[in-house]
Amino acid sequence: MAVAKITPKSEDYSRWYQDVIAQAELAEQAGVVKGCMVIRPHGFAIWEKMQADLDRRFKETGHKNACFPLLIPMSFIEKEADHVDGFAPELAIVTHAGGKPLEEQYCIRPTSETIIGHFFSKWISSHRDLPMLINQWANVMRWELRTRIFLRTTEFLWQEGHTAHATHAEAREEVYRMLQVYADFAREIMAMPVICGVKTETERFAGAIETVCIEAYMQDGKALQSGTSHDLGQNFGKAFDVQFQDTEGKRDFVWQTSWGVSTRLVGALIMTHSDDDGLVLPPRLAPIQVVIVPIFKKAEERAAVMEAACRIAAELRDDGLAVELDDRDEMKPGAKYYEWERKGVPLRIEIGPRDLQSQSVMCKLRIAAADERGRPKKLTLPMADLGLSVGKLLDEFQDFLYQRALDLRAAGSTSLDTWEEFSAAFEDDRSGFVYAHWDGTAETELAIKQETRATIRCLPLEGHGPAPEPGKCIKTGQPSERRVLFAKNY
RNA sequence: CGGGGAGUACCUCAGUUGGUAGAGGAGUAGCUUUGGGAGCUACAUGCCGUGGGUUCAAGUCCCAUCUCCCCGACCA
């Protein structure tokens, strides 16, 4: 029986990643538009769950949503020197409209600091207008040379927070507050542990004075930058003349921040939890948390089983769970099991004639140990108070996934002190999180990258990575105050 | 943007020295089935990526171009 197969991770991780996305019907290459993807309903539903939770967190921290134009005048992009240097190679530019060449060309937004800077200068005149706390859910476009579905596509969806403050201290508080929001979201909702840290100058956002990030550990040992938060200083304030009068009547430029996460998070989710059987979703992000598969042979069994299945579905929905009752007649139960497992549904409930007798149901979690006969272990739960017991199972599964991801990261993380060990750790396809000393120079950073393909993902913040201790640079032997995080990255 | 590979049915692919386009799966209809990927019968399914060229004749040969995949460089 030829069934579409998922390439095992051990054989080819990149193929596995693409197979999981195809088999779970998350997304596909647009094909007709270079480097762009179509996010299919199941993939988009996951993004919507992410959006809903993040949006709540943004509002709880005082931000309001707005929406700015997709097209940005080229002159805007050019106003901030570092910004234009960073983004110029990736811009898609609109040269014609209405059948005529445009007097001033537009680029399709690669990010919105410039156009938002323009409007901030109109909206802000007094310290009373500050802080200005804006978020935008939008699509952006960056003309990437090499694309990977969800991880790096020409067009992607994201949110970009943009804020303006009266003091640098206040802006920096915002930068770190939002970084923490991202880290909390990753841990609590995605069940994905992250390392919070500061980017080196090389990796900093074009136009920022400091970039902080959350870095996640993928199953193959590579790092994925999963969110960034930038201290823009007064760079854009000066470029767009965003000034305010303080309480003493003095004029000053605002201090700005920006921060974002994108549909890349869906890729992060896949490479954190999924396995050779397909997608694995943490319950808090699963568009379908529970699927019910009814089982019957004869018509009279069917009626009784369906009646019970509908009742259970309604009860679970009343308890706030997202439930799918798979009542398709044309498909046998086994085929349904495989399909919903590929799609990552955390819990399956099977209900058949035997269960009606015993007033219980069979449950199987998406990741289950094998029983004595090598079959995935199933649990029997009584029908009474099923919502409670299922809710508990899902909570435990969410915790299990986080702990498993944390353990995997711990197993793939080391602190190294010699160049021999360090370069061996990144030989061939090897990667992992390596904490090592660095002399703080861009030259050394580049030399290490060229020799090992590992880069400095971040300078971990306090509480992330090993405790600070002085040492000697892994490459040059120069003194170093603390270890930094090295890894290959996506 | 450099190096490699590939585009033929919805999917995975076969297609010989150039001679009327194929298989398996999926799909549709019917029957039979249902506690871990069922079976039989019938029916559909094509701008052979696109554009040019060579030829009596091109999926096949030549040129160009687009897209995807892998490995780098560049980047969320």
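Heavy-atom basis, side chains included; hydrogens, waters and symmetry copies ignored. Protein chains get the first letters and strands the later ones, always in sequence-line order, with residue 1 at the start of each.
- The pairing partner recorded for B:G18 is none, the criterion being a Watson-Crick or G-U wobble arrangement whose two distances lie under 3.5 angstrom.
- Rounded to whole Å, the separation between the P atoms of B:U41 and B:A26 comes to 14 Å.
- Nucleic acid contact for A:D12: none, since no nucleic acid atom lies under 4.0 Å from a heavy atom of the residue.
- Spacing between atom CZ of A:R148 and atom P of B:C69 amounts to 10 Å, rounded to whole angstrom units.
- As rounded to whole Å, 13 Å separates atom P of B:G39 from atom CE of A:M331.
- Between the CG atom of A:L446 and the C1' atom of B:C74 there is a distance of 13 Å, rounded to whole Å.
- For a distance-only test at 3.5 Å, the side chain of A:K378 qualifies as a donor-acceptor partner of the base of B:G36.
- With B:A73, B:C70, B:U34 as the candidates, the nucleotide lying closest to the side chain of A:I295 is B:U34.
- Using the six-membered ring where Trp is involved, A:F397 and A:F400 have ring planes that are parallel, under 30° apart on the 30 and 60° scheme.
- Across all strands, A:T455 comes closer than 4.0 Å to no nucleic acid atom at all (heavy-atom distances).
- In this structure, B:C48 forms no base pair with any nucleotide, since neither Watson-Crick nor G-U wobble geometry is met with both distances under 3.5 Å.
- For the pair A:I349 CD1 and B:G36 P, the computed distance is 17 Å after rounding to whole Å.
- When distances are taken from the side chain of A:P333 to each of B:C69, B:G35, B:G36, the shortest belongs to B:G35.
- The side-chain ring of A:Y338 is stacked on the base of B:G37, judged by centre separation under 5.5 angstrom and plane angle under 30 degrees.
- The distance between atom NZ of A:K449 and atom P of B:C74, rounded to the nearest whole Å, is 4 Å.
- Across all strands shown, A:G267 has no heavy atoms under 4.0 Å from either base or sugar-phosphate atoms.
- A perpendicular orientation is assigned to the rings of A:Y435 and A:F433, their planes being inclined by more than 60° (bins at 30° and 60°).
- Between A:R328 and A:D326, at least one side-chain nitrogen of the basic residue sits less than 4.0 Å from a carboxylate oxygen of the acidic one, meeting the salt-bridge criterion.
- Looking at A:W137 and A:D55, their side chains do bring a donor and an acceptor atom within 3.5 Å of each other.
- Separating the C1' atom of B:A57 from that of B:C71 is a span of 41 Å, rounded to the nearest Å.
- Across all strands, A:P353 comes closer than 4.0 Å to base atoms (heavy-atom distances).
- Using bins of under 30°, 30° to 60° and over 60° for the plane-to-plane angle, the ring pair A:F68/A:F119 lands in the tilted bin.
- Nucleic acid contact for A:P89: none, since no nucleic acid atom lies under 4.0 Å from a heavy atom of the residue.
- Checking the phosphate oxygens (OP1, OP2) of B:C70, a side-chain nitrogen or oxygen of A:S14 falls inside 4.0 Å.
- Nearest-nucleotide positions on RNA chain B for A:K298 and A:R15 put A:K298 closer to the 5' end.
- Under the Watson-Crick and G-U wobble criteria, each requiring two contacts below 3.5 Å, nucleotide B:A6 is paired to B:U67.
- Of the P atoms belonging to B:U33 and B:A14, the separation is 39 Å, rounded to the nearest Å.
- Judged by Watson-Crick or G-U wobble contacts below 3.5 Å, the nucleotide B:G59 has no partner.
- When only modelled atom types and interatomic distance are considered, A:H63 and A:E174 share a side-chain donor-acceptor pair under 3.5 Å.
- Base pairing of B:G72: its partner is B:C1, meeting the Watson-Crick or G-U wobble criterion (both donor-acceptor distances under 3.5 Å).
- Taking 4.0 angstrom as the limit, A:K297 places none of its side-chain polar atoms (N or O) nearer than this to OP1 or OP2 of B:U34.
- For B:G15 and B:G22, the C1' atoms lie 7 Å apart once the distance is rounded to whole Å.
- Put simply, A:Q18 has a side-chain N or O that comes within less than 4.0 Å of OP1 or OP2 on B:C70.
- We find that CD of A:E339 is positioned 19 Å from P of B:G25, with the value rounded to whole Å.
- As the counterpart of B:C43, B:G27 is assigned, both hydrogen-bonding distances of the Watson-Crick or G-U wobble pattern falling under 3.5 Å.
- Residues A:T154 and A:E144 bring no donor and acceptor atom of their side chains to less than 3.5 Å of each other.
- For A:R264, taking side-chain heavy atoms from C-beta onward, the closest of the listed nucleotides B:G37, B:G35, B:A76 is B:A76.
- When the P atom is used for both B:G7 and B:C48, the distance is 15 Å, rounded to whole Å.
- Distances from the side chain of A:Q29 to the nucleotides B:A73, B:C68, B:C75 place B:C68 closest.
- For a distance-only test at 3.5 Å, the side chain of A:E341 fails to qualify as a donor-acceptor partner of the base of B:G37.
- Residue-level contact check: A:E144 touches the bases, meaning some heavy atom is under 4.0 Å from a base atom.
- No contact: A:T228 has no heavy atom under 4.0 Å from any strand.
- When distances are taken from the side chain of A:L145 to each of B:C75, B:G35, B:C74, the shortest belongs to B:C74.
- In this entry B:G36 has no Watson-Crick or G-U wobble partner, no candidate having both defining distances under 3.5 Å.
- Defined by atom type and a distance below 3.5 Å, a donor-acceptor pair is missing between the side-chain atoms of A:Q225 and A:Y490.
- For A:K332, the side-chain atoms get nearest to B:U34 when compared with the rest of B:A76, B:U34, B:C75.
- The residue among A:K364 and A:F205 whose nearest nucleotide of RNA chain B lies closer to the 5′ end is A:K364.
- Among the atoms of the strands shown, none is found under 4.0 Å from any heavy atom of A:R328.
- Atom NZ of A:K488 and atom P of B:A73 are 10 Å apart (whole Å).
- Residue A:R146 places at least one side-chain N or O closer than 4.0 Å to OP1 or OP2 of B:C71.
- For the pair A:F87 CZ and B:A76 P, the computed distance is 7 Å after rounding to whole Å.
- A:E445 and A:T200 share a side-chain donor-acceptor pair at under 3.5 Å.
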